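Working notes for the structure below.
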Amino acid sequence: MEKRYSWENAVFVTDTWKASDKINVTYGLRASSFSILGKGDFFTIDPAGNIIGTTNYKQGEFVKTYFNLELGLPPAISLTLPVR
């Protein structure tokens with residue numbers, strides 16, 4: 001079995017919205033990518049599961065890249081109460 005390599009990276013941006021004097025809502029957006037890298041043979045497979053082709057990739061060559069966007073909403077909202 002050949003060793004397989006991949007490359008994953010992501011960026012996350014966040015902001016806080018002051019909904020009122022007592023309520024803050026924090027939210028964010030995460031963009032990520034995952035790339036499968038060569039070296040090696042990669043197969044093309046038909047819907048029945050049969051190998052119908054082989055492609056050879058050089059070391060470090062990108063085989064396939066997937067992108068994803070995720071909206072981040074935390075499960076909690078901060079509430080500021082006055083201290084007496």
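Owing to the predicted nature of the structure, the values given are computational and were not obtained by experimental measurement.
- The distance from atom CZ of F62 to atom OG of S6, rounded to the nearest 0.5 Å, is 10.5 Å.
- Going from atom OG of S33 over to atom CD of E8 covers 7.5 Å, rounded to the nearest 0.5 Å.
- When all heavy atoms are compared, the tightest approach of G60 to L37 is O-CD2, 4.0 Å.
- If you take CG on N56 and NZ on K39, they are separated by 8.5 Å, rounding to the nearest 0.5 Å.
- Judged by the 6.0 Å distance and 45° axis criteria, K3 is not positioned over the aromatic ring of Y5.
- With sequence neighbours left out, the ring-ring contact (aromatic ring centres under 6.0 Å, His included) criterion links F34 to no other residue.
- Summarising the geometry, atom CD1 belonging to I51 is positioned 5.5 Å from atom CD1 belonging to I45; distances are rounded to the nearest 0.5 Å.
- Counting only heavy atoms from C-beta outward, the side chains of R4 and F42 approach each other to under 4.5 Å.
- In this structure, T14 contributes its side chain and Y27 its backbone to a donor-acceptor pair below 3.5 Å.
- Pairing each heavy atom of G38 with each of V63, the nearest pair is N-CG2, 3.7 Å.
- Of all heavy-atom pairs spanning E61 and K58, the tightest one is OE1-N, 2.8 Å.
- Rounded to the nearest 0.5 angstrom, L71 CG and L29 CG are separated by 6.5 Å.
- Considering CD1 of I23 and CH2 of W17, their distance stands at 8.5 Å, rounded to 0.5 Å.
- The side-chain heavy atoms of I36 and Y66, taken from C-beta on, include a pair separated by under 4.5 Å.
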